[in-house]
Every structure is written in C-alpha cells, then in structure tokens.
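Below: the structure, in structure tokens.
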Amino acid sequence: MALSLTLPTASGALAPYALRGTAPVKPDAGVKFNRIAYSAAHVVADPLAAIDPWLQCAVDWDTTIAYRRHLFSLGLGVAEAMDTAQRGMGLDWPTSLELIRRSLDAAKDMPGALVASGCGTDHLNIDDVKSVDDVIRGYEEQMAAIEALGGKLIVMASRALARVAKSPADYERVYDRILSQAKQPVVLHWLGDMFDPALAGYWGTKDVDAAMDTALGIIAAHPEKVDGIKISLLDKDKEIAMRRRLPKGVRMYTGDDFNYAELIAGDGFGSESTHGKSDALLGIFDAIAPAASAALGALAQGNSEKFHAILGPTVPLSRHIFAAPTRFYKTGVVFMAWLNGHQKHFTMVGGQQSTRSLQHFAELFRLADAANLLEQPELAVRRMKTLLALHGVEG
C-alpha cells in the first residue's frame, strides 16, 4: 500500500496525498564528470545551543561537515560559505572562516574533492564603509585569511561595494586590485538582486547588458586569474550571451536554479568548449545531490537522454524552492536535508525555517516525490506529519 498523508492545498483546504515517486536514482560508481559541479552547501544549526537565534549563530559542526563528505562522495565539489550557507543571513564572518577551515580539512581525506570558498566584505559594518578603499581592505582581509588556509577563492558580490561605488570604474578598480593579488585563479560571483536586493545595480548600472560589458572587461584584463564566473540572474539567455563572450579557458558556472539542466547540457556553440556549455555552482545541487551526480555521470558517458530524464523532473522542484522572495530559498534546501535524514531537525541559523508557509512546504513535498528525490519515504512522511502537527494539521 502506498504511503499517504493529508496535505494542505494552495487554497488552504486539506486533501489526501499518496506518494507515487520511485526510489532515487543512484549514481554509477567511479564515473568522472565532464563538467565541474559545485554544490553551494547549507549549514546545520545547533538547536540545543543556548543562544538568541535571530542574533547569534550556532552550528552543528559534525553534521555540517558530514553533509559535505556526502557531497564529496557523490563527486560534487563544495562552494563553501556562500549564500546557501546563509552567508549574510545569519552566518557571520568568523563562523564562515571556521566553516571554510573545517571543509578544507575534510576535503584532504577525500581524493579529488573540490572546495572553493566565499570571499567577501560582510565582516564590515556597512555604515562605516565610506569609500572604495574601505571595500578593497575588506576583501583583502578575507582573501588573506582564506588563502592562508590554502583555499581557492570565490570573490563574492559585495553589498558594501554596491553601496559606495559611483561608476563602473569603481568596480574595475576593486576587482583589478583583488585579481592582481590572487594566488590562484578565482571564481567571480554575480548575484542578481532577486537573491539579494542590496546588490541591485551591481557593476555600476541597472542595465544588465552594460553590467555584463563591465564584468567581461574585468575578466579580459585578468584571464589568467579567473577560473570562471558564476552568475545567478535566473535568465538563461543572458547567461548564454555572456558565456559565448568569455575569454578562452574561462568557465561559465551556472547559478541559474530555474534553467540549469539545459545550460549544463549546453548548445555546442563555437570552437571553444567553454562557450558551448556551462559548468555548475548551484544551491539546488545541495537538495538534489544524488540526482545531480547521476545526471552528470550520464552526461559524461554521452547519454544526454538519461541526463535530461534524471535532471528534468527536478527543475519544477527547484523553481518552487527558489520562488520569490528568492532569498528565502535556503529554507527549502534545509527542509529537503531534514526530510531525507541528513539532519535530525528542521531548525536553521537565524530562525530562517519560518520564512516559508506550510502550503509552500506541502507543495515542496509533492514536487520532491514527483522528482523521485525522497531517499527514505517512510521517514519523509513521518517528518512531514510532524511539521503538519506543529501547524495544527493531524492525520
């Protein structure tokens, strides 16, 4: 008999739901991907810490690092201390640096494991930032700390820079300074304002095409220092247009959680391999890690039909998790980790588990089932019933 439970509908009514998904696909062992794939990984809060959750941060380090080992075991890299880890939404810089240190240590035991770490300016009191020089010093401080650990940098978009920059030239000055000093090629990070409203007008203009020209000019001035750029604009046409203009060897890391399947598969454009496909640096890969691994393995073996068959059904789930207000997507990512038994509780840093409605979680549950992403269906049903009961829904 199929597992079933009562779920709220979008109208607020209650209706029975019977699970219909199949067992999650298992990746083939030993397959080498032909794309670089980073999962921006979440952190697991410590629910037993005696703190004020809105004001302080407590991390369950053992469970947090265990999840990174899980990602490594699936062939996925970890983009550490990024937006998905609630950077700037509860995760402060000292905790981020400790997270980076622990992830780098964990990767040493996992042959081939990739870690790239977020380098930003979030430790600065934004009201004290008065100039571009203040932003540069902020970047340099985090850069030095991460590189001292041997870490590869993801140069995150800076709220402080967006606030004080007066023109594209200010962005060029900051990034020229940072890239000139980098010890190894970095990943640049362009996060759209749908993810963070404080980043509106990044690169010195609200015109996306003009902003792209500025970013491309910065990359062209330092191609040997740029591994790639991750853009999260939720606009596949903009990503493709930029991808085709990147200097030789510079990768496009898709951050498009709406259209990742087709962007990773690529269109084969041009003679440069990096112009015709995207690599990946995605928050959704945290929530769909086994499917992402299996799909990437199929793609590497030349089976694009299987790639799309596995990854395609995950896209509706991702679009739901990343629905506006998009900045609250981390709640859906952690909810999936809880449903699938990767952590014992549904508590988040900063109390962010409260940012989505019960109807949102119910639809997320249905979409996860439809995408064959419930790794332990009985556990997932028990935990969903627990959440329902907390909201007064029994049965």
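Note that the structure is a prediction, hence the values are computed from the model and not measured.
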Salt bridge or not for D127 and R163, using N-O below 4.0 Å? yes
Locate the shortest heavy-atom distance separating I284 from S318; write the atom from each residue and the value. CG1-OG, 3.2 Å
Quick one: does any side-chain atom of K230 pair with a main-chain N or O of G255 as donor and acceptor, under 3.5 Å? no
I65 reachable from W338 in the ILVMFWY side-chain graph, under 4.5 Å edges: no
Check whether any side-chain heavy atom of Q301 sits under 4.5 Å from a side-chain heavy atom of D28, and report yes or no. yes
How about Q181 and E140: does a side-chain donor come under 3.5 Å of a side-chain acceptor? yes
Let me confirm one number: the CG-CG distance from D128 to N125, rounded to the nearest 0.5 Å. 4.0 Å
What distance separates I310 CD1 from N303 CG, expressed to the nearest 0.5 Å? 8.0 Å
Using a strict cut-off of less than 4.0 Å between a Lys/Arg side-chain nitrogen and an Asp/Glu carboxylate oxygen, indicate whether R102 and D62 qualify as a salt bridge. no
Min side-chain heavy-atom separation L188-Y175 under 4.5 Å: yes
Give me the atom names and distance for the closest heavy-atom approach of D279 to I36. OD1-N, 2.7 Å
Tell me, do F285 and L296 make a side-chain contact under 4.5 Å, heavy atoms counted? yes
Please report the interatomic distance OG1(T274) to CZ(F269), rounded to the nearest 0.5 Å. 11.0 Å
Thinking salt bridges, do R101 and D105 make one under a 4.0 Å N-O criterion? yes
Between the CG atom in L364 and the CD1 atom in I321, the distance rounded to the nearest 0.5 Å is 4.5 Å
After noting the C-alpha distance and the side-chain angles of L149 and V115, does the key distance pass the side-chain contact (heavy atoms from CB on, under 4.5 Å) rule? CA-CA 12 Å; L149 298 173; V115 179; over 6 Å; no
Less than 6.0 angstrom separating the ring centers of Y171 and Y202, yes or no? yes
Quick one: does Q352's side chain have a donor or acceptor within less than 3.5 Å of a partner on T331's backbone? no
Under 3.5 Å side-chain donor-acceptor pair for N372 and T22: yes
I219, W203: one ILVMFWY side-chain cluster at the under-4.5 Å cut-off? yes
Please confirm whether the backbone N or O of A45 pairs with a side-chain atom of H345, one donor and one acceptor, at under 3.5 Å? yes
Run the side-chain contact (heavy atoms from CB on, under 4.5 Å) check on L387 and F335 step by step: do they pass? CA-CA 10 Å; L387 184 68; F335 182 64; 3.7 Å; yes
Could you check I154 against L281 for side-chain contact (heavy atoms from CB on, under 4.5 Å), going step by step and ending with a plain yes or no? CA-CA 11 Å; I154 301 172; L281 198 166; 3.9 Å; yes
Backbone N/O of D60 and side chain of T63: donor-acceptor pair under 3.5 Å: no
Any donor and acceptor pair, going by atom type alone, linking the side chain of N340 with main-chain N or O of L373 inside 3.5 Å? yes
In terms of side-chain geometry, is the basic nitrogen of K152 or D227 positioned less than 4.0 Å from the acidic oxygen of its partner? yes
Is M156 reachable from W190 through a run of I, L, V, M, F, W or Y residues, each pair having side-chain heavy atoms under 4.5 Å apart? no
Counting N and O atoms only, with roles assigned by atom type, does the side chain of H189 sit under 3.5 Å from a partner on the main chain of A157, one being a donor and the other an acceptor? yes
Nearest heavy-atom approach of V315 to A261 is CG2-CB, 4.3 Å
Does P223 reach the side chain of K248, with side-chain heavy atoms less than 4.5 Å apart? no
Heavy atoms only: give me the nearest A265-F307 pair and the separation to one decimal. CB-CE2, 3.8 Å
Is the backbone N or O of K166 less than 3.5 Å from a side-chain atom of D170, with the two atoms forming a donor-acceptor pair by type? yes
Look at D83 together with K330 and state whether they make a salt bridge at an N to O cut-off of under 4.0 Å. yes
Between the side chain of Q353 and the main-chain N/O of M348, is any donor-acceptor distance below 3.5 Å? yes
Could you go through D134 and R137, starting from their C-alpha distance and side-chain angles, then the distance that decides it, and tell me whether this counts as salt bridge (Lys or Arg N to Asp or Glu O under 4.0 Å)? CA-CA 5 Å; D134 292 337; R137 283 191 290 271; 2.5 Å; yes
From CG (L104) to CZ (R68), nearest 0.5 Å: 11.0 Å
Quick one: do D369 and R366 make a salt bridge, cutoff under 4.0 Å? no
Run the salt-bridge test on D193 and K206 with the 4.0 Å N-O cut-off and return the result as yes or no. no
If you define the side chain from C-beta out and look only at heavy atoms, does anything of D256 sit under 4.5 Å from F322? no
Tell me whether I240 shares a hydrophobic cluster with L233, the cluster being built from Ile, Leu, Val, Met, Phe, Trp, Tyr side chains joined at under 4.5 Å. no
Hey, mind stepping through D133 and R173 against salt bridge (Lys or Arg N to Asp or Glu O under 4.0 Å) and telling me if it holds? CA-CA 9 Å; D133 287 331; R173 182 178 163 211; 2.2 Å; yes
Does one hydrophobic cluster hold both L299 and L263, with members joined at side-chain heavy-atom distances below 4.5 Å? no
Check whether any side-chain N or O of Q56 sits under 3.5 Å from a backbone N or O of I51 as a donor-acceptor pair, and report yes or no. no
Would R245 and D213 satisfy salt bridge (Lys or Arg N to Asp or Glu O under 4.0 Å), going step by step from the backbone distance to the final call? CA-CA 10 Å; R245 296 174 62 192; D213 288 341; 3.0 Å; yes
Do we see a donor-acceptor contact under 3.5 Å between the side chains of T84 and Y329? yes
Side chain of H222, backbone of I218: donor and acceptor closer than 3.5 Å? no
Do S158 and T121 have side-chain atoms, one donor and one acceptor, less than 3.5 Å apart? yes
Do V174 and V164 have side-chain heavy atoms sitting under 4.5 Å apart? no
Do L388 and T6 come within less than 4.5 Å of each other through their side chains, counting heavy atoms only? no
R319 pairs by side chain to side chain donor-acceptor pair (under 3.5 Å) with which of N259, D257, T314? N259
Nearest-0.5 Å distance, OG1 of residue T214 to CE of residue M212: 11.0 Å
Quick one: are the ring centres of Y67 and H42 less than 6.0 Å apart? yes
Between L311 and A292, the two heavy atoms sitting closest are CD1-CA, 4.1 Å
If we ignore angles and hydrogens, is there a donor and acceptor under 3.5 Å between the side chains of E141 and H123? yes
Regarding K236 and D267, does a basic nitrogen lie under 4.0 Å from an acidic carboxylate oxygen? no
Using a 4.5 Å cut-off on heavy atoms from C-beta on, say whether the side chain of Y260 contacts that of S278. no
Would you check, one step at a time, whether the test side-chain contact (heavy atoms from CB on, under 4.5 Å) holds for V43 with T95? CA-CA 11 Å; V43 293; T95 311; over 6 Å; no
Search all heavy atoms of A198 against all heavy atoms of R159 and return the closest pair with its distance. CB-CG, 3.8 Å
